[in-house]
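A quick write-up on the structure given underneath.
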Amino acid sequence: MESRRDHVEEAIDEITGKVHLPPCQIACPIGEDIQRTNVMISLLPLDTDKAYHQIIKIGDEIYEKNPLFTICSYICGLCEKECNYKDQTGAVRRKMLKRFLTDYYLPYLETKPSLPSPTKEKVAVIGAGPSGLMCAYMLSKKGYQVTILERGPTLGGALGYIPRYRLPKDIIDITLNNLVRIAHIKVALGASAGNGGKSLDDLKNEGYQAIFIATGTLLPRPLTIERELVTQADLEGVIFGLNLLSDVNQGKVPPQLFQGKKVIVVGGGNVAFDVARTARRLGEDVSLVCLECQDKSSKDGIPADVEEIEGGSEEGLRITYSRGVEEIIGQDGKFNKIKCPRCISVFDETGFNPKFDRNDVIYLEGDVLLITIGQAWERTLFQQEDLLNERGKLDIAQLTLMSNRKPGVFIGGDVRQIGFAAEAMRDGMIAAESIDRYLTGKDLKAGREIDYERAAIPKRMDYQPQPELIWAPAEERLNFEPFEKGFTLEEAVNEAIRCLYCGPCKSCKACVALELQPEIPEIEVNQERCRGCGICLALCPYDATKLEQFEKGLTLVINDLKCKRCGVCVSACPSEAITIKDKLEETIAKVYATL
């Protein structure tokens, strides 16, 4: 694999020592080769039968790094938040491009060949969420025998809380069932660790040489105001939103649960909107109240994604911004209303630390209160195993995720830091690498601190418009069926073409993988011919050219990291001083020979 000419390489800036990449790829916790696979999609033939095998090949490339990409194609979009296009006409819709691939790749997963059977040491993974699954898969690829212990009845962890209209159950089931099949991962459902379950010593006595703990954050966080617990959360009608999501996905909730009732959701994140939009599908009158303000550009702006806010509003969700909950008020043992002071700031120099104007108060009346302000982690296992420091925090090395108190024990995922699914998956990748180094006696830290620099946006006369997301009308989508229309083959190709391919050629090499050329060509400047006129500087869309002073005068220097070998400078140079040393003529001759 390493010797293949189409294998991507790190593009390191010789001056800064940083790895030069497109910002989308830096933002992706998994490090998917986004530019490379976008190029591949852009060159698909527009005939489905002819495109099929190439689509599967692209899916295989992504699967190598991200075996959960079929799930990410429904719930993730972190790369889009940093796309160079976002401030022009809108980010390239990478999530939708991956969902297009998923339409073809998911059925193929059922027949995808397994990895070689693992023969190395046994490793235990506690928790079958995104972090644990990713760690198990990566370890199996390295040849380790992995067993996942999951206290719940199913795989997926927090994925099981995502509403079905966002992430259909069959996408989860097919992806995860085939992941454990392909990677020869053993799974023990209903098997807990700590708190009456197996101890870490028990696992070591069973022959496990390393342990990764990724138990997640499945405990709802109670309401507080200025660090004080808000009382009366035990009134009838007060429910944790996370519990509602779980019950709905398990089929425990009647379809008209909130019919004729006024529902209030507390929270401003994506999970709060999941809860509010779920409640709207179970009733008619749903509102949401949050600490944050409406302006997402503010440091105190609402954290939920724009699509969630717009979608919820279309479905009739009413939002009250910049309000906290000071008091839950009941009547005859049932929830009746909440007292909401104005929130004047959410963050200060210390971080999350809301401040309120107690003289500016409103009351919101309702029948049901759904508290969805975050999650917390179950501490029992970590306390019993002495994995916490004196301040009650996890005592781990952040670079390697190994416990500072118990060598061979690694901790990651949401239990370490609450975030997106892809961020938990990154912890699984980090832990797998650390475990491999630990078991093979290698330095756990060497070469793992990497600094990145973002590739700039290429210059264009104009930028292509972002395609609109197509949703079913609000009145038709108040159910739990997916309502977002995916890309057709032609739409996927057109959107992939919109990608600006900002990153270096050597970290992409899609043209080599597709056999459009045998290797990334060298580009040379004949200093004897160059007159330093600067025409190439004015025309280069990638800012890859500059003039430097040499003995004979100003001469062109080309930045290999930025140059895309597009040939604009070659054709414009009046002195014919620039040469791309490719095999274009030979390639053209070969193509003609096949016609």
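Note that the structure is a prediction, hence the values are computed from the model and not measured. Position 1 is the first residue of the sequence; numbering continues from there.
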Lys NZ or Arg CZ of [X] over [Y] ring: under 6.0 Å, within 45°:
X: Arg477; Y: Tyr165; result: no
X: Lys122; Y: Tyr144; result: no
X: Lys337; Y: Tyr363; result: yes

Do side-chain atoms of [X] reach the backbone of [Y] as a donor and acceptor pair under 3.5 angstrom?
X: Arg405; Y: Leu388; result: yes
X: Arg221; Y: Gly374; result: no
X: Glu423; Y: Phe420; result: yes

Plane angle bin for Trp377 and Phe382 - parallel if under 30°, tilted between 30 and 60°, otherwise perpendicular: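 Taking Trp377 first and then Phe382, their aromatic rings stand perpendicular (interplane angle over 60°).
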Is the ring pair Phe352/Phe347 parallel, tilted or perpendicular, if the boundaries are 30 and 60 degrees?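 Because their plane-to-plane angle is over 60°, the rings of Phe352 and Phe347 count as perpendicular.
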Please examine the side chains of [Y] and [X], heavy atoms only from C-beta on, and report whether any two atoms are closer than 4.5 Å.
X: Val253; Y: Phe258; result: no
X: Val187; Y: Leu155; result: yes
X: Thr278; Y: Phe480; result: yes
X: Tyr208; Y: Glu121; result: no
X: Glu484; Y: Arg99; result: yes

[X] [atom1] to [Y] [atom2] distance, which is reported to the nearest 0.5 Å:
X: Ile396; Y: Ser403; atom1: CD1; atom2: OG; answer: 8.0 Å
X: Gln145; Y: Ser117; atom1: CD; atom2: OG; answer: 9.5 Å
X: Ile309; Y: Cys290; atom1: CD1; atom2: SG; answer: 8.0 Å
X: Leu401; Y: Ile435; atom1: CG; atom2: CD1; answer: 9.0 Å

Short side-chain donor-acceptor distance under 3.5 Å, [Y] and [X]:
X: Thr37; Y: Arg94; answer: yes
X: Asp202; Y: Ser199; answer: yes
X: Gln259; Y: Glu284; answer: yes
X: Gln384; Y: Thr380; answer: no
X: Ser131; Y: Arg416; answer: no
X: Ser297; Y: Asp295; answer: yes

Should Glu365 and Lys262 count as an ion pair when the cut-off is N to O under 4.0 Å?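 Answer for the salt bridge query: no.
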For Glu32, run the salt bridge (charged side-chain N to carboxylate O under 4.0 Å, His left out) check against Lys65, Lys98, Lys95 and tell me which one passes.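 Of the listed residues Lys65, Lys98, Lys95, the salt bridge (charged side-chain N to carboxylate O under 4.0 Å, His left out) partner of Glu32 is Lys98.
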Among Leu167, Ile71, Val271, find the one that has a side-chain contact (heavy atoms from CB on, under 4.5 Å) with Ile162.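 That would be Leu167.
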In a check of side-chain contact (heavy atoms from CB on, under 4.5 Å) between Ile213 and each of Val415, Val125, Leu387, which one passes? Leu387
Minimum heavy-atom separation for Tyr105 and Lys112, please, with both atom names.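 Closest approach of Tyr105 to Lys112: OH-NZ, 3.1 Å.
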What's the shortest heavy-atom distance between Pro220 and Leu218, and which atoms? CD-O, 3.7 Å
